[in-house]
Novice: 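Here it is, the structure in full.
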Amino acid sequence: MTIPVGTDLVFREVVRERSGEDIHKCFYCQKCTVGCPTAYMMDYTPAQLLRLIQLGQKDKVLGSSAIWMCIGCEICGTRCPNQIRLAPVMDTLRQMSLEQSYQPEPAVYALHRSFLDNIKLWGRVHELTMLMEYKIRCLLMRYSLFFQGLFSDLKLGGALMLKGKITLLPERIKRLKEIQNLYEKTGPSGNQEER
Amino acid sequence: MKYSYFPGCTAKTTSAEFGISSEAVCAALNIELLELEDWNCCGASSAHSLNHELSLSLPGRNVALAQEAGLDIVTPCPACYQNSLSADEALREDAEWRREMESLLDFRYTGKARPRHLLDVIAHDLSIDAIRAKVVKPLTGLKVACYYGCVLVRPPEKTGWDDAEYPMTMDRLMEALGAEPVDWSHKVDCCGASMALSNSDVVANLSGQIVDGAIEAGADCVVVACGMCHVNLDTRQAPSPGKPQMPILYFTELMALAFGLPEVEKLFGKHIVDPRPLLRAQKLIS
């Protein structure tokens with residue numbers, strides 16, 4: 001028997017261990033893919049990703065944009081006849097891909113990063129400062145991303161602000177130190193800049 | 001009835017209508033909400049996307065804050081609900097993690113404070129008759145499409161709703177208010193959630209399909225139980241000539257309206273798609 005180039009048999013065991021999901025049980029019925037709201041945007045469908053993990057194709061999986069297009073809506077896991085929840089698998093894959101320096105989908109990554117930075121700053125999310133960091137990150141990562149949706153976002157943001165739904169000033173929680181301790185404890189995993 | 005209350009970040013901002021109407025409805029139903037002191041953001045979808053431990057420890061702090069009171073933790077936000085469930089599960093089942101968190105946050109885990117969604121509490125801890133008894137202005141003739149979205153009902157083994165594919169909890173509640181829930185195909189579809197900023201065309205597509213489904217089913221409005229769903233459906237409907245704009249209402253706004261609570265009317269002005277023409281035509285507001 002020959003094993004194809006690029007096969008990493010440890011990879012699938014690591015994914016299984018970290019996600020807690022028994023990936024080996026997938027028999028490719030593709031119910032996950034049929035129900036997935038963002039499968040049409042993915043380079044590999046959810047079922048294809050599972051198959052690639054089974055085959056130990058680490059580079060294809062961790063380098064795919066599909067892992068960043070999953071919203072975590074849990075429809076796949078709800079419908080899977082083998083009770084494989086793909087949402088935690090996707091979380092594991094995103095975390096592994098960052099740890100191993102694969103390129104994330106820039107806009108999705110920039111948003112999540114800005115969101116987590118914002119919590120570290122105030123303890124709660126303050127939309128305006130979070131959005132400012134997100135736009136700056138987009139600008140730094142890819143010039144065109146900054147302009148993508150800029151006009152409609154500004155228009156919408158303005159409308160929400162006029163209706164009092166986006167506040168100008170952030171509110172900081174009292175014991176912010178506790179939040180910062182949590183960040184310290186859980187480490188820089190997933191944070192490319194700090195690595 | 002007393003509960004610990006975790007409003008979540010959006011209840012005071014982007015979904016202020018939800019926060020205000022939730023509190024008003026609970027007061028009317030004698031549900032006492034004791035806000036967790038100094039609660040923090042649960043990490044939404046960002047924490048579990050990038051950092052597993054952070055995704056358990058951020059909501060874990062809120063679960064910790066609720067332990068001493070030992071009351072169920074009620075939240076109107078499905079993401080907060082889902083993340084709190086995961087955090088509570090980790091504290092319950094992983095002894096090593098529990099010890100680490102207990103020493104870091106200086107608390108004692110009792111397991112008595114179960115995270116719950118507000119819809120669950122209203123629909124299951126009260127009898128439907130108790131709700132019906134509060135109705136002074138029945139929503140007769142109002143056709144509603146009850147939209148549950150994703151992580152409020154899924155994964156079913158964690159959330160335990162009546163049905164993960166075709167839930168009826170909110171439909172029964174709307175019936176008790178006198179409204180007419182429609183049968184439709186998009187009850188548990190996803191609105192696109194956090195993609196609203198990073199991939200807004202995905203959200204326009206998904207939210208657009210949900211609104212189209214509600215129009216097709218003959219609904220006058222869509223009823224939601226999530227701030228994120230509301231923002232996406234309310235702001236990302238693709239306008240096209242001849243197509244009606246679909247008002248998106250929180251289930252608590254309709255409850256407040258049916259209960260005759262005066263504070264609800266000023267909330268309708270906060271919507272992007274103004275629900276007031278519909279409610280006036282149905283003679284529910286003046």
Side-chain angles (χ1 to χ4, degrees), chain A residues 18 37-38 41 69 71-75 77-79 85 87-88 90-92 94-95 98 105 107-116 118-119 122-127 131 134 148-149 152-153 156 159-160 163-167 171 173-175 178-179 181-183 185-187 189-191, chain B residues 8-10 12-17 37-41 43-58 60-61 82 100 104-105 149-151 153-157 164-165 188-195 197-202 205-206 209 231 235-236 269-272:
Chain A
R18 281 181 63 165
T38 51
M41 295 284 292
M69 298 311 295
I71 312 176
C73 80
E74 299 269 5
I75 199 89
T78 303
R79 293 181 180 168
R85 276 178 67 206
M90 293 291 201
D91 284 340
T92 298
R94 279 189 284 261
Q95 291 154 19
L98 290 175
E105 192 63 21
V108 178
Y109 174 75
L111 181 72
H112 290 322
R113 191 79 262 154
S114 309
F115 201 93
L116 292 185
N118 208 259
I119 302 172
W122 314 115
R124 294 177 189 169
V125 164
H126 175 243
E127 283 89 357
L131 290 174
Y134 169 65
Q148 188 180 300
S152 61
D153 287 350
L156 183 58
L160 292 176
K163 289 183 183 288
K165 293 171 105 175
I166 291 184
T167 54
E171 229 182 295
I173 68 164
K174 276 181 263 167
R175 300 190 299 277
E178 291 181 8
I179 301 295
N181 287 345
L182 295 178
Y183 273 77
K185 180 204 174 297
T186 56
S189 113
N191 194 339
Chain B
C9 301
T10 62
K12 289 189 165 76
T13 57
T14 47
S15 59
E17 307 98 306
E37 195 259 328
D38 210 38
W39 57 266
N40 58 272
C41 174
S45 35
S46 298
H48 69 71
S49 285
L50 303 191
N51 188 330
H52 177 67
E53 285 202 346
L54 194 61
S55 77
L56 296 177
S57 59
L58 283 174
R61 179 173 175 272
Q82 182 75 224
E100 277 178 53
L104 197 66
L105 292 169
C150 49
V151 294
V153 287
R154 291 191 294 265
E157 61 274 21
E165 295 283 357
V188 296
D189 285 0
C190 177
C191 70
S194 64
M195 292 261 167
L197 287 161
S198 53
N199 292 75
S200 56
D201 44 345
V202 170
N205 179 12
L206 299 178
Q209 286 178 29
V231 170
T235 65
R236 309 275 172 180
K270 285 182 169 287
H271 292 231
I272 298 289

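Just so you know, these numbers use all the heavy atoms, side chains as well, and skip hydrogens, waters and symmetry mates. First the proteins, then the strands, lettered A, B, ... as listed; each starts at 1.
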Novice: Is B:T13 close to chain A through its backbone or its side chain, or both, or neither, when contacts mean heavy atoms under 4.5 Å?
Specialist: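 Looking at B:T13, backbone and side chain both touch chain A.
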Novice: Between B:V188, B:D189, B:L58, which has the largest tally of heavy atom pairs under 4.5 Å with chain A?
Specialist: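 Highest number of pairs under 4.5 Å: B:L58.
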Novice: Could you go through A:I119 and B:C41, starting from their C-alpha distance and side-chain angles, then the distance that decides it, and tell me whether this counts as side chain to side chain contact (heavy atoms under 4.5 Å, CB included)?
Specialist: CA-CA 7 Å; A:I119 302 172; B:C41 174; 3.4 Å; yes
Novice: Would you mind checking which part of A:L182 comes under 4.5 Å of any heavy atom in chain B, side chain (CB onward), backbone (N, CA, C, O), both or neither?
Specialist: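 Both backbone and side chain.
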Novice: Need one label for B:L105: side chain, backbone, both or neither, based on atoms under 4.5 Å from any heavy atom in chain A.
Specialist: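 Side chain of B:L105 only, per the 4.5 Å heavy-atom cut-off to chain A.
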Novice: At a heavy-atom distance under 4.5 Å, which candidate from B:G149, B:A47, B:G8 has the highest pair count against chain A?
Specialist: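 Most heavy-atom pairs under 4.5 Å with chain A: B:A47.
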Novice: Check the pair A:Y183 / B:S57 against side chain to side chain contact (heavy atoms under 4.5 Å, CB included), numbers first and verdict last.
Specialist: CA-CA 9 Å; A:Y183 273 77; B:S57 59; over 6 Å; no
Novice: Between CG of B:N199 and OG1 of A:T38, what distance do you get to the nearest 0.5 Å?
Specialist: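 Taking CG in B:N199 and OG1 in A:T38, the distance rounds to 9.0 Å.
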Novice: Heavy-atom pairs under 4.5 Å with chain B are the metric here; pick the option from A:M41, A:E171, A:R94 that has the most.
Specialist: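 Max contact count across the listed options: A:R94.
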Novice: Using non-hydrogen atoms only, which part of A:M90 is less than 4.5 Å away from chain B: side chain, backbone, both, or neither?
Specialist: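 Neither part; nothing is under 4.5 Å.
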Novice: Relative to chain B, which of A:I166, A:I179, A:T167 shows the most heavy atom pairs under 4.5 Å?
Specialist: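 Heavy-atom pairs under 4.5 Å are most numerous for A:I179.
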Novice: Check step by step if side chain to side chain contact (heavy atoms under 4.5 Å, CB included) holds for A:K165 and B:I272.
Specialist: CA-CA 11 Å; A:K165 293 171 105 175; B:I272 298 289; 5.6 Å; no
Novice: Should B:S198 and A:Y134 count as side-chain neighbours, where that means a heavy-atom distance under 4.5 Å?
Specialist: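 The answer is yes; the side chains approach within 4.5 Å.
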Novice: With a 4.5 angstrom heavy-atom cut-off, is it the side chain or the backbone of A:I75 that approaches chain B, or both, or neither?
Specialist: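 For A:I75, heavy atoms of backbone and side chain both lie under 4.5 Å from chain B.
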Novice: Which residue out of B:R154, B:K270, B:Q209 racks up the most heavy-atom pairs below 4.5 Å with chain A?
Specialist: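 Answer, by heavy-atom pair count under 4.5 Å with chain A: B:R154.
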Novice: Might you work through the side chain to side chain contact (heavy atoms under 4.5 Å, CB included) test for A:I173 and B:R61, ending with a clear yes or no?
Specialist: CA-CA 13 Å; A:I173 68 164; B:R61 179 173 175 272; 3.9 Å; yes
Novice: Could you grab the distance from atom CG of A:D91 to atom CZ of A:R85, nearest 0.5 Å is fine?
Specialist: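 These two atoms lie 9.0 Å from each other.
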Novice: Determine the option with the most heavy-atom pairs under 4.5 angstrom with chain A, choosing from B:A193, B:G192, B:S200.
Specialist: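 Maximum pair count with chain A is reached by B:G192.
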Novice: If you count heavy-atom pairs under 4.5 Å between each of B:V153, B:V151, B:V231, B:T235 and chain A, which one has the most?
Specialist: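 Top count of heavy-atom pairs under 4.5 Å with chain A: B:T235.
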Novice: Measure B:L54 against the heavy atoms of chain A and call it side chain, backbone, both or neither at under 4.5 Å.
Specialist: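 Both backbone and side chain.
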Novice: Please determine, among A:E178, A:E74, A:R124, A:K174, the option with the most heavy-atom pairs under 4.5 Å with chain B.
Specialist: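 When all of A:E178, A:E74, A:R124, A:K174 are compared, A:R124 has the most.
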Novice: Between B:T10, B:T14, B:L56, which residue shows the highest count of heavy-atom pairs closer than 4.5 Å to chain A?
Specialist: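 Ranked by contacts with chain A, first place is B:T14.
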Novice: Within this structure, what is the OG1-NE2 distance for the pair A:T92 and B:H52, rounded to the nearest 0.5 Å?
Specialist: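 Between A:T92 OG1 and B:H52 NE2, I get 7.5 Å after rounding to 0.5 Å.
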Novice: Can a donor-acceptor pair be found, under 3.5 Å and without considering hydrogens, that links the side chain of B:N51 to the backbone of B:E53?
Specialist: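 Yes; judged by distance alone, with no hydrogens or angles, the pair exists.
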Novice: Counting heavy-atom pairs under 4.5 Å with chain B, which one of A:E105, A:M69, A:H126 comes out on top?
Specialist: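 Looking at each of A:E105, A:M69, A:H126 in turn, A:M69 comes out on top.
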Novice: Going by atom types only, do B:S46 and A:H112 share a side-chain donor-acceptor pair under 3.5 Å?
Specialist: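 B:S46 vs A:H112: donor-acceptor pair found between side chains.
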